[in-house]
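It should be emphasised that the depicted structure is a prediction, and the values quoted were computed from it without experimental measurement.
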Amino acid sequence: MCWSATADLVVGAGISAVGVACVARVRRVRDLPLAALPLLLGAHQIIESVVRRSGGGAGPATLVWAVIALPVLAVWVPFAVLLAAPPRARRRLTVPAAIGLGTAAALSYVLVHRTVTAEIRGHTMGYALGLPHAPLFVPAYLLATVGALLIGGDPTVRLLGVVVAYGAGLCAALWRLEFLSTWCALAAVASVLVLVWTRRLPAGHRPRTG
């Protein structure tokens, strides 16, 4: 989420460009989901620009935004980290992956049976779903996503987890005050860290030269 539809569109396009660069750098199929994370985040921002320009409400763009934000990321992040992780870290990563799968299934059920709406609140966007048992969903979602990053086994991935954890807290505080939406800035920083991760992949992951 950004502070305006134009900012959502511009930042989303920039993050998507970073995602293209990330995907172009990897050579192993199992690294692709994590490398493609910026593409998903960029598309998410662009979709929100559509939500803003349509005045919010409960249209298709709002639903797609919620699907990506809730069940898709709950599964994508832990499984992307699991696939890309070194062998020594994969066993422990099955825990956040399993939590993410269960959380995504529950969130998908809620999205099917409830209507998600969006409301423009000055420089922020508010999304309402009437999520039942939120005190259970939120920790599970964070364990699946941020938790997977923190125990991913790669130093850059762990740094990404720290940045996301602290950045999400700051963004949430600003968003709750309805002062300014800065989630897109966090997505941009996260995408740059994914790019750094692709640059630091072992040499064996890259094509041979000479």
Are the side chain of T62 and the backbone N or O of G57 linked by a donor-acceptor pair below 3.5 Å?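 A pair under 3.5 Å: yes.
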Taking a hydrophobic cluster as the set of Ile, Leu, Val, Met, Phe, Trp and Tyr residues connected by side-chain heavy atoms closer than 4.5 Å, whether directly or through intermediates, do [X] and [Y] fall within one such cluster?
{"X": "I47", "Y": "V10", "answer": "no"}
{"X": "L131", "Y": "L73", "answer": "yes"}
{"X": "V189", "Y": "L40", "answer": "yes"}
{"X": "L160", "Y": "L186", "answer": "yes"}
{"X": "L32", "Y": "L149", "answer": "yes"}

Which residues satisfy the side-chain contact (heavy atoms from CB on, under 4.5 Å) test with [X], sequence neighbours excluded?
{"X": "S108", "value": "P71"}
{"X": "T156", "value": "D154, V196, W197, R200"}
{"X": "S54", "value": "none"}
{"X": "A43", "value": "none"}

Closest non-hydrogen atom pair between [X] and [Y], with its separation:
{"X": "G161", "Y": "L150", "value": "C-CD2, 3.6 Å"}
{"X": "Q45", "Y": "G12", "value": "CB-CA, 3.6 Å"}
{"X": "V164", "Y": "A190", "value": "CG2-CB, 4.5 Å"}
{"X": "V23", "Y": "A36", "value": "CG2-CA, 3.9 Å"}
{"X": "I15", "Y": "P38", "value": "CG2-O, 3.1 Å"}
{"X": "A74", "Y": "T145", "value": "CA-CG2, 4.1 Å"}

According to ring-ring contact (aromatic ring centres under 6.0 Å, His included), does anything in residues 93-116 pair up with another residue at least two apart or in another chain? List the pairs.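 Every ring-ring contact (aromatic ring centres under 6.0 Å, His included) pair that includes a residue of residues 93-116, provided the two are not neighbours, is Y109-H113.
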Could you name each residue pair satisfying ring-ring contact (aromatic ring centres under 6.0 Å, His included) that touches residues 136-162, not counting sequence neighbours?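 Not a single pair qualifies under ring-ring contact (aromatic ring centres under 6.0 Å, His included).
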In the hydrophobic clustering that connects Ile, Leu, Val, Met, Phe, Trp and Tyr at side-chain heavy-atom distances below 4.5 Å, which members other than [X] occupy its cluster, ordered by chain and number?
{"X": "L9", "value": "I46"}
{"X": "V18", "value": "L195"}
{"X": "V50", "value": "none"}
{"X": "L143", "value": "V95, I99"}

Should H44 and D8 count as side-chain neighbours, where that means a heavy-atom distance under 4.5 Å?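 No, side chains not in contact.
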For the residue pair L129 and L70, establish whether any side-chain heavy-atom pair is separated by less than 4.5 Å.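 SC-SC contact between L129 and L70 confirmed.
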Euclidean distance, L41 CG relative to S16 OG, rounded to 0.5 Å: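 Interatomic distance, S16 OG to L41 CG, rounded to 0.5 Å: 9.0 Å.
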Which value, rounded to the nearest 0.5 Å, describes the distance between E48 atom CD and R53 atom CZ?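 Those atoms lie 12.0 Å apart.
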Pair listing, salt bridge (Lys or Arg N to Asp or Glu O under 4.0 Å) test, anchored in residues 92-119, at least two apart: E119-R121
Result block: side-chain N/O donor-acceptor pairs under 3.5 angstrom for residues 75-88, not counting sequence neighbours:
unit_1: W76; atom_1: NE1; unit_2: P33; atom_2: O; d: 2.8
unit_1: R88; atom_1: NH2; unit_2: G153; atom_2: O; d: 3.4

